[in-house]
Amino acid sequence: MHSKKVIRLLASTVAVAASALCISVPQAQASALPASATVAGTASAAAAPDCQGTCVLGVRAATHPDFDRFVIDLGEGPIPQWTTSTQTTPLTCCGDEGGERVLPITGKQYLKIKLSRATGLDFTTLTSVYTSPKYQSYAFPSLKGQGLAGTTDPEAREFNIGLALGDHSSYRITKLTAPNRIVVDVTH
(Lines give C-alpha, C1' and ligand atoms only; values in the text may rest on other atoms or scores of the structure.)
Protein backbone atom coordinates (compact mmCIF):
# COMPACT_ATOMS: atom_id res chain seq x y z
CA MET A 1 0.00 0.00 0.00
CA HIS A 2 2.79 2.42 0.96
CA SER A 3 4.66 1.73 -2.32
CA LYS A 4 1.56 2.65 -4.39
CA LYS A 5 1.39 6.04 -2.64
CA VAL A 6 5.09 6.61 -3.29
CA ILE A 7 4.64 5.68 -6.97
CA ARG A 8 1.62 8.00 -7.30
CA LEU A 9 3.50 10.83 -5.58
CA LEU A 10 6.53 10.27 -7.79
CA ALA A 11 4.37 10.11 -10.92
CA SER A 12 2.59 13.32 -9.89
CA THR A 13 5.92 15.05 -9.33
CA VAL A 14 7.15 13.90 -12.77
CA ALA A 15 3.92 15.10 -14.37
CA VAL A 16 4.17 18.55 -12.78
CA ALA A 17 7.83 18.88 -13.80
CA ALA A 18 7.05 17.67 -17.34
CA SER A 19 4.16 20.09 -17.60
CA ALA A 20 6.40 22.98 -16.54
CA LEU A 21 8.98 21.95 -19.15
CA CYS A 22 6.32 21.33 -21.84
CA ILE A 23 7.31 17.71 -22.40
CA SER A 24 5.19 14.60 -22.43
CA VAL A 25 5.27 11.88 -19.79
CA PRO A 26 5.47 8.38 -21.28
CA GLN A 27 2.15 6.54 -21.17
CA ALA A 28 3.40 4.00 -18.61
CA GLN A 29 4.08 6.81 -16.14
CA ALA A 30 0.86 8.60 -17.01
CA SER A 31 -1.23 5.53 -16.23
CA ALA A 32 0.15 5.52 -12.68
CA LEU A 33 -1.20 9.02 -12.05
CA PRO A 34 -4.36 9.65 -10.10
CA ALA A 35 -7.41 10.51 -12.20
CA SER A 36 -7.26 14.15 -11.06
CA ALA A 37 -3.67 14.69 -12.31
CA THR A 38 -3.05 16.48 -15.60
CA VAL A 39 -0.20 15.31 -17.81
CA ALA A 40 1.30 17.42 -20.61
CA GLY A 41 0.37 15.81 -23.89
CA THR A 42 -2.69 14.06 -22.50
CA ALA A 43 -4.69 17.18 -21.58
CA SER A 44 -6.65 19.01 -24.23
CA ALA A 45 -4.45 21.08 -26.53
CA ALA A 46 -4.28 24.81 -26.10
CA ALA A 47 -6.77 26.65 -28.25
CA ALA A 48 -5.48 27.51 -31.71
CA PRO A 49 -5.04 31.22 -32.34
CA ASP A 50 -8.04 33.04 -33.85
CA CYS A 51 -6.67 35.08 -36.73
CA GLN A 52 -10.16 35.48 -38.24
CA GLY A 53 -8.77 33.74 -41.30
CA THR A 54 -5.37 32.12 -41.74
CA CYS A 55 -2.54 33.02 -39.36
CA VAL A 56 0.67 34.44 -40.83
CA LEU A 57 3.34 32.95 -38.59
CA GLY A 58 6.52 34.41 -40.07
CA VAL A 59 8.75 34.82 -43.10
CA ARG A 60 12.15 33.56 -44.22
CA ALA A 61 14.43 34.05 -47.21
CA ALA A 62 17.35 32.36 -48.97
CA THR A 63 19.34 32.74 -52.16
CA HIS A 64 19.89 30.06 -54.79
CA PRO A 65 22.01 30.00 -58.01
CA ASP A 66 19.24 31.39 -60.28
CA PHE A 67 16.74 32.98 -57.89
CA ASP A 68 16.11 34.33 -54.41
CA ARG A 69 13.28 32.73 -52.45
CA PHE A 70 10.99 34.45 -49.96
CA VAL A 71 8.62 32.24 -47.94
CA ILE A 72 5.57 33.33 -45.96
CA ASP A 73 4.83 30.64 -43.37
CA LEU A 74 1.12 30.15 -42.60
CA GLY A 75 -0.94 28.38 -39.98
CA GLU A 76 -3.55 25.74 -40.65
CA GLY A 77 -6.59 26.45 -42.76
CA PRO A 78 -7.12 27.63 -46.30
CA ILE A 79 -4.22 29.34 -48.03
CA PRO A 80 -5.25 32.98 -48.44
CA GLN A 81 -5.77 34.69 -51.79
CA TRP A 82 -3.15 37.25 -52.74
CA THR A 83 -2.78 40.28 -54.94
CA THR A 84 0.45 41.97 -55.94
CA SER A 85 1.55 45.35 -57.19
CA THR A 86 4.93 46.85 -57.99
CA GLN A 87 6.17 50.37 -57.48
CA THR A 88 9.40 52.33 -57.68
CA THR A 89 8.74 54.51 -54.64
CA PRO A 90 9.90 53.18 -51.26
CA LEU A 91 7.49 51.12 -49.18
CA THR A 92 5.65 52.84 -46.37
CA CYS A 93 3.79 51.67 -43.36
CA CYS A 94 1.81 53.07 -40.53
CA GLY A 95 3.58 55.58 -38.37
CA ASP A 96 2.61 57.32 -35.18
CA GLU A 97 -0.88 58.82 -35.05
CA GLY A 98 -1.91 57.32 -38.39
CA GLY A 99 0.89 58.89 -40.44
CA GLU A 100 2.97 56.99 -42.97
CA ARG A 101 6.66 56.28 -42.56
CA VAL A 102 9.14 54.86 -45.07
CA LEU A 103 10.32 51.33 -44.27
CA PRO A 104 14.10 51.12 -43.77
CA ILE A 105 14.68 48.74 -46.68
CA THR A 106 15.92 49.93 -50.07
CA GLY A 107 15.66 48.55 -53.56
CA LYS A 108 15.27 49.63 -57.17
CA GLN A 109 11.69 48.31 -57.20
CA TYR A 110 9.21 47.14 -54.60
CA LEU A 111 6.73 44.30 -54.69
CA LYS A 112 3.70 44.63 -52.42
CA ILE A 113 1.83 41.44 -51.53
CA LYS A 114 -1.62 41.57 -49.93
CA LEU A 115 -2.98 38.36 -48.40
CA SER A 116 -6.76 38.31 -47.99
CA ARG A 117 -8.37 36.57 -45.01
CA ALA A 118 -5.03 36.37 -43.20
CA THR A 119 -3.47 38.25 -40.29
CA GLY A 120 -0.56 37.96 -37.90
CA LEU A 121 -2.76 38.71 -34.88
CA ASP A 122 -4.68 36.42 -32.55
CA PHE A 123 -7.91 38.38 -32.06
CA THR A 124 -8.87 36.39 -28.95
CA THR A 125 -5.75 37.30 -26.96
CA LEU A 126 -4.80 40.41 -28.98
CA THR A 127 -1.25 39.09 -29.30
CA SER A 128 0.91 38.67 -32.37
CA VAL A 129 1.42 35.22 -33.85
CA TYR A 130 3.80 36.71 -36.44
CA THR A 131 7.29 35.96 -35.11
CA SER A 132 9.59 37.45 -37.78
CA PRO A 133 11.07 40.96 -37.74
CA LYS A 134 8.80 43.76 -38.96
CA TYR A 135 11.47 44.54 -41.55
CA GLN A 136 14.78 43.02 -42.54
CA SER A 137 17.44 43.68 -45.17
CA TYR A 138 19.07 40.95 -47.28
CA ALA A 139 22.29 41.00 -49.29
CA PHE A 140 20.96 38.68 -52.00
CA PRO A 141 21.33 39.31 -55.74
CA SER A 142 17.64 40.17 -56.33
CA LEU A 143 15.90 40.26 -52.94
CA LYS A 144 17.12 43.21 -50.88
CA GLY A 145 14.67 43.23 -47.98
CA GLN A 146 11.18 42.70 -46.61
CA GLY A 147 8.89 44.74 -44.43
CA LEU A 148 5.35 44.80 -43.09
CA ALA A 149 3.46 47.29 -45.21
CA GLY A 150 0.19 47.65 -43.35
CA THR A 151 -1.63 47.32 -40.08
CA THR A 152 -3.88 44.52 -38.92
CA ASP A 153 -7.46 45.46 -39.63
CA PRO A 154 -10.06 43.25 -37.96
CA GLU A 155 -12.65 44.24 -40.58
CA ALA A 156 -10.48 43.65 -43.67
CA ARG A 157 -8.52 40.64 -42.40
CA GLU A 158 -5.60 41.47 -44.67
CA PHE A 159 -1.86 41.01 -44.23
CA ASN A 160 0.38 43.35 -46.23
CA ILE A 161 4.07 42.75 -46.79
CA GLY A 162 6.50 44.35 -49.20
CA LEU A 163 9.72 43.17 -50.79
CA ALA A 164 12.60 45.44 -51.82
CA LEU A 165 14.04 44.16 -55.09
CA GLY A 166 17.27 44.85 -56.94
CA ASP A 167 17.77 44.08 -60.60
CA HIS A 168 15.51 41.21 -61.52
CA SER A 169 13.74 39.86 -64.56
CA SER A 170 10.61 38.40 -63.00
CA TYR A 171 9.00 36.84 -59.96
CA ARG A 172 6.67 33.91 -59.46
CA ILE A 173 4.35 33.25 -56.51
CA THR A 174 3.12 29.77 -55.64
CA LYS A 175 1.32 28.15 -52.75
CA LEU A 176 2.56 25.00 -51.03
CA THR A 177 1.04 22.80 -48.34
CA ALA A 178 2.23 20.54 -45.51
CA PRO A 179 3.07 22.99 -44.00
CA ASN A 180 1.07 25.82 -45.58
CA ARG A 181 3.17 28.58 -47.11
CA ILE A 182 3.36 31.06 -49.95
CA VAL A 183 6.61 31.14 -51.90
CA VAL A 184 7.94 34.07 -53.92
CA ASP A 185 10.82 33.28 -56.29
CA VAL A 186 12.62 36.32 -57.74
CA THR A 187 14.93 35.51 -60.64
CA HIS A 188 18.44 36.98 -60.83
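Position 1 is the first residue of the sequence; numbering continues from there.
Nearest heavy-atom pair across Tyr138 and Ala61 is CZ-CB, 3.6 Å. For the residue pair Tyr110 and Thr89, the shortest heavy atom distance occurs at CD1-O, 3.1 Å. Residues Ser116 and Pro80 come closest through the heavy atom pair O-CB, 3.1 Å. In plain terms, the two heavy atoms of Gly162 and Ala149 that are nearest each other are N-CB, 4.1 Å. The minimum heavy-atom distance between Ser128 and Leu121, with the atom names listed, is N-CD1, 4.1 Å. Smallest separation of non-hydrogen atoms from Phe123 and Leu126: O-CD2, 3.6 Å.
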> What's the verdict on side chain to side chain contact (heavy atoms under 4.5 Å, CB included) for Arg117 and Thr54, showing C-alpha distance, side-chain angles and the deciding distance?
Replying inline: CA-CA 6 Å; Arg117 304 248 345 132; Thr54 302; over 6 Å; no

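Distance alone, capped at 3.5 Å, is enough to place a donor-acceptor pair between the Ser142 side chain and the Asp167 backbone. In this structure a side-chain-to-backbone donor-acceptor pair under 3.5 Å is present from Thr119 to Cys51. Side chain of Arg181 to backbone of Pro179: a donor-acceptor contact under 3.5 angstrom is found. With hydrogens and angles disregarded, a donor-acceptor distance shorter than 3.5 Å links the side chain of Ser132 to the backbone of Val59. Using a distance-only test at 3.5 Å, with no hydrogens or angles considered, no donor-acceptor pair links the side chain of Ser137 to the main chain of Gly145. Between the side chain of Asn180 and the main chain of Gly75, a donor-acceptor pair closer than 3.5 Å is present.
In the hydrophobic cluster analysis, where Ile, Leu, Val, Met, Phe, Trp and Tyr join through side-chain heavy atoms closer than 4.5 angstrom, Phe70 is grouped apart from Ile105. The cluster map of Ile, Leu, Val, Met, Phe, Trp and Tyr, joined by side-chain heavy atoms under 4.5 Å apart, puts Ile173 and Leu165 in the same cluster. Residues Tyr171 and Ile72 share a single hydrophobic cluster, defined by chaining ILVMFWY side chains whose heavy atoms lie under 4.5 Å apart. Taking hydrophobic clusters as Ile, Leu, Val, Met, Phe, Trp and Tyr residues chained together by side-chain heavy-atom distances below 4.5 Å, Val71 does not share a cluster with Val56.
Between Tyr130 and Phe159, the ring center distance clears the sub-6.0 Å criterion.
The distance from the CD1 atom of Ile182 to the CD1 atom of Ile161 is 10.5 Å, given to the nearest 0.5 Å. Atom NZ in Lys114 sits 12.5 Å away from atom CD in Gln81 (nearest 0.5 Å). Taken from NZ in Lys144 to CG in Asp68, the straight-line distance is 8.0 Å, to the nearest 0.5 Å. In this structure, CD in Glu158 is found 15.5 Å from CH2 in Trp82, a value given to the nearest 0.5 Å. To the nearest 0.5 Å, atom OG1 of residue Thr88 and atom NZ of residue Lys108 are 13.0 Å apart. Between the CD atom of Gln136 and the CG atom of Leu103 there is a distance of 13.0 Å, given to the nearest 0.5 Å.
Each of Thr84, Leu91, Asn160 was checked for a side-chain contact (heavy atoms from CB on, under 4.5 Å) with Lys112, and the lone residue meeting it is Leu91.
We find that Asp185 and Arg69 are joined by a salt bridge, their nearest charged nitrogen and carboxylate oxygen being less than 4.0 Å apart.
No hydrogens or angles considered: nothing links the side chains of Thr127 and Asp122 as a donor-acceptor pair under 3.5 Å.
The side-chain heavy atoms of Ile79 and Leu74, taken from C-beta on, include a pair separated by under 4.5 Å.
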